[in-house]
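Everything below concerns the one structure shown next.
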Amino acid sequence: MFRAGLLLGLVLVVGSIGACSSSASGPAKLTVFGASSLTETLTDLANLWHAAHPSNELEISTGSSAALRIQIEQGAPADVFLSADTTNPQLLVDGGLANGPLTAFARNSLTIIVPASNPARIASALDLAKPGVCVIAAGDDVPITLYANKLVGTLATLPGYGQAFADGYAANICTREDNVGAVVSKVALGEGDAAIVYIADADGTGVTSIDVPADANVVATYGAVAIKNSIAPALAVEFLAWLRGADAQTMLAAHGFGTAP
């Protein structure tokens with residue numbers, strides 16, 4: 001049986017398995033695969049969804065966006081895929097496994113996190129390249145890595161940074177984790193000196209956030225698709241529309257996400 005990611009398989013059973021109270025037809029259950037950076041947010045979004053759909057069962061599994069996309073490609077049962085980028089859901093659309101066009105539902109920027117005690121005395125992005133700093137990163141295919149690499153590349157073009165900064169940052173990566181949630185956890189435990197993560201992941205995690213230069217920051221667009229083999233296709237489409245509505249957008253903003261483009 002497929003399970004999504006290493007961080008969390010969260011099952012919320014709310015109400016009875018009866019007819020959906022909304023206009024959607026079909027089974028009163030929705031299986032959502034969501035990016036690791038959405039883990040806490042999805043719990044609150046599930047409560048909001050249940051308030052509008054009290055007879056639904058909502059199942060949420062989170063992990064690396066790339067890993068979740070691969071699981072769907074291999075036949076994992078899902079109705080909706082919420083990714084930390086637009087590339088992974090678009091690959092499902094292009095492969096005929098999801099209905100397009102994808103729905104952009106949130107944005108996220110980047111920041112640097114350090115342990116609360118900040119033992120390496122990281123004060124700015126420049127310090128990520130200091131000799132001896134242990135930078136925690138994610139795997140090559142994880143969206144946060146692609147965004148972080150773009151940020152580092154842009155910083156390298158700024159005065160005072162240069163290619164030496166990019167080379168020093170790369171040399172300081174001491175471990176690669178499966179997803180951004182694991183990156184945050186490792187820094188919070190003091191098992192690394194710093195990491196580049198989403199702003200939404202730096203709140204309330206036991207870490208300290210250090211801003212990156214605004215003119216170099218990267219905006220991540222989160223994309224969602226309804227899976228073609230969904231057993232609740234109408235409900236999946238309704239969920240995507242609901243994500244762009246006022247209630248869901250307010251909740252996303254409360255968790256540090258930017259509004260949908």
* Output yes when a side-chain donor or acceptor of Asn179 lies under 3.5 Å from a complementary backbone atom of Ala182, and no otherwise. => yes

* With side chains defined as the heavy atoms from C-beta onward, is the minimum distance between Asp193 and Pro119 less than 4.5 Å? -> yes

* Are Ile196 and Tyr169 side-chain neighbours, meaning at least one heavy-atom pair lies under 4.5 Å? -> yes

* Structure fact -> The single option from Asn108, Asp247, Thr41, Thr259 that satisfies side chain to side chain contact (heavy atoms under 4.5 Å, CB included) with Leu252 is Thr41

* Short question: side chain of Asn56, backbone of Leu30 - any donor-acceptor pair under 3.5 Å? -> no

* To do: Please check if the side chain of Arg176 supplies one atom and the backbone of Ala137 the other of a donor-acceptor pair under 3.5 Å.
  => no

* **Pairs touching residues 75-92 that satisfy side-chain hydrogen bond (donor to acceptor under 3.5 Å, both in side chains), sequence neighbours left out** => Ser65-Ser83, Arg69-Asn88, Asp79-Ser230, Ser83-Asp85, Asp85-Asn88, Gln90-Asp94

* Provide the closest heavy-atom pair for Ile60 versus Ala46 in the form atom of the first, atom of the second, distance. => CD1-CB, 3.8 Å

* **Trace of the side chain to side chain contact (heavy atoms under 4.5 Å, CB included) decision for Val207 with Val114** => CA-CA 6 Å; Val207 298; Val114 299; over 6 Å; no

* Asked: Same cluster or not: are Ile199 and Val142 linked, directly or through other Ile, Leu, Val, Met, Phe, Trp or Tyr residues, by side-chain heavy atoms under 4.5 angstrom apart?
  -> no

* Just grab all the salt bridge (charged side-chain N to carboxylate O under 4.0 Å, His left out) pairs involving residues 95-118, residues at least two apart or on different chains. => none

* Structure fact -> Rounded to the nearest 0.5 angstrom, the NZ-CD distance for Lys29 and Glu59 is 4.5 Å

* For Leu158 and Ala216, work out which heavy atoms get closest and say how close. => CD1-CB, 4.1 Å

* Asked: Taking all non-hydrogen atoms of both residues, which atom of Leu82 and which atom of Ala224 are closest, and how far apart?
  -> CD2-CB, 3.3 Å

* To do: List for me each residue that meets side-chain hydrogen bond (donor to acceptor under 3.5 Å, both in side chains) alongside Ser124, sequence neighbours excluded, and say none if there are none.
  => none

* To do: Check step by step if side chain to side chain donor-acceptor pair (under 3.5 Å) holds for Thr62 and Ser36.
  => CA-CA 5 Å; Thr62 60; Ser36 175; 5.7 Å; no

* Output the distance between atom OG1 (Thr175) and atom CD1 (Ile173), rounded to the nearest 0.5 Å. => 10.0 Å

* Asked: Can you tell me how far the CZ atom of Phe165 sits from the CG atom of Leu128, to the nearest 0.5 Å?
  -> 5.5 Å

* To do: Begin with the C-alpha distance, continue with both residues' side-chain angles, and end with the deciding distance and a verdict on side chain to side chain contact (heavy atoms under 4.5 Å, CB included) for Val180 and Ser37.
  => CA-CA 6 Å; Val180 70; Ser37 52; 3.8 Å; yes

* To do: Grab the two heavy atoms, one from Ala194 and one from Ile122, that are nearest each other, plus how far apart they are.
  => CB-CG1, 4.3 Å

* To do: Identify, with sequence neighbours excluded, every residue that meets side-chain hydrogen bond (donor to acceptor under 3.5 Å, both in side chains) alongside Asp44.
  => His255

* Asked: So which pairs with a foot in residues 40-113 pass disulfide bond (SG atoms under 2.5 Å apart), sequence neighbours left out?
  -> none

* With the 4.5 Å side-chain cut-off for hydrophobic clustering, are Leu146 and Val183 part of the same group? -> no

* Within one Ile-Leu-Val-Met-Phe-Trp-Tyr cluster: Leu189 and Val133, side-chain cutoff 4.5 Å -> no

* Structure fact -> In terms of heavy-atom contacts, Gly223 and Pro89 come closest through O-CG, 3.8 Å

* Please assess Ile70 against Glu73 for the test side chain to side chain contact (heavy atoms under 4.5 Å, CB included), listing each intermediate value before the final yes or no. => CA-CA 5 Å; Ile70 290 170; Glu73 290 174 339; 4.1 Å; yes

* **Sidechain-backbone polar pair: Lys228 side chain, Val93 backbone, donor-acceptor under 3.5 Å** => no

* Asked: With a 4.5 Å limit on heavy-atom distance, are the side chains of Phe81 and Val32 in contact?
  -> no

* Asked: Is there a side-chain contact between Thr103 and Leu243 (heavy atoms, below 4.5 Å)?
  -> no

* Would a hydrophobic clustering, with Ile, Leu, Val, Met, Phe, Trp and Tyr connected at side-chain separations under 4.5 Å, put Val219 with Leu155? -> no

* To do: If a pair satisfies disulfide bond (SG atoms under 2.5 Å apart) and one of its residues is in residues 91-144, list it, with sequence neighbours excluded.
  => Cys134-Cys174

* Rounded to the nearest 0.5 Å, how far apart are CG of Asp201 and CD of Glu40? -> 8.0 Å

* Whether His53 and Trp49 hold their rings parallel, tilted or perpendicular, with breakpoints at 30° and 60° -> parallel

* Less than 4.5 Å apart, any side-chain heavy atom of Thr111 and any of Asp211? -> yes

* By ring pair (Phe, Tyr, Trp, His ring centres under 6.0 Å) - contacts of Phe257 (at least two apart) -> Tyr222

* Asked: What is the distance from atom CD1 of Ile144 to atom OH of Tyr198, rounded to the nearest 0.5 Å?
  -> 4.5 Å

* To do: Spell out, as yes or no, whether a donor-acceptor pair under 3.5 Å connects the side chain of Arg244 to the backbone of Gln249.
  => no

* Listed once per pair and sorted, the side-chain hydrogen bond (donor to acceptor under 3.5 Å, both in side chains) pairs that draw on residues 141-157, sequence neighbours left out -> none

* Structure fact -> The side-chain contact (heavy atoms from CB on, under 4.5 Å) partners of Val212 (sequence neighbours excluded) come to Ile112, Leu151, Asn217

* To do: Measure the spacing between OG1 of Thr31 and CD1 of Ile231 and express it to the nearest 0.5 Å.
  => 6.0 Å

* Asked: Residues two or more places apart in sequence or in another chain: which of them pass side-chain contact (heavy atoms from CB on, under 4.5 Å) with Asp167?
  -> Gln163

* Asked: Of all heavy-atom pairs between Gly190 and Pro115, which one has the smallest distance, and what is that distance?
  -> CA-CG, 4.1 Å

* **Inter- and intrachain pairs under disulfide bond (SG atoms under 2.5 Å apart), touching residues 66-112, at least two apart** => none

* To do: Kindly say whether Gly139 contributes a backbone atom to a donor-acceptor pair with the side chain of Glu177 at under 3.5 angstrom?
  => no

* **Residues forming a side-chain hydrogen bond (donor to acceptor under 3.5 Å, both in side chains) with Thr250, sequence neighbours excluded** => none

* To do: Report the C-alpha separation of Ile72 and Ile227 in whole Å, then their side-chain angles, then the decisive distance to 0.1 Å, and conclude whether the side chain to side chain contact (heavy atoms under 4.5 Å, CB included) test is met.
  => CA-CA 8 Å; Ile72 292 170; Ile227 306 305; 4.0 Å; yes

* Examine Val80 and Leu91 and state if one hydrophobic cluster contains both, with Ile, Leu, Val, Met, Phe, Trp and Tyr joined whenever side-chain heavy atoms are less than 4.5 Å apart. => no

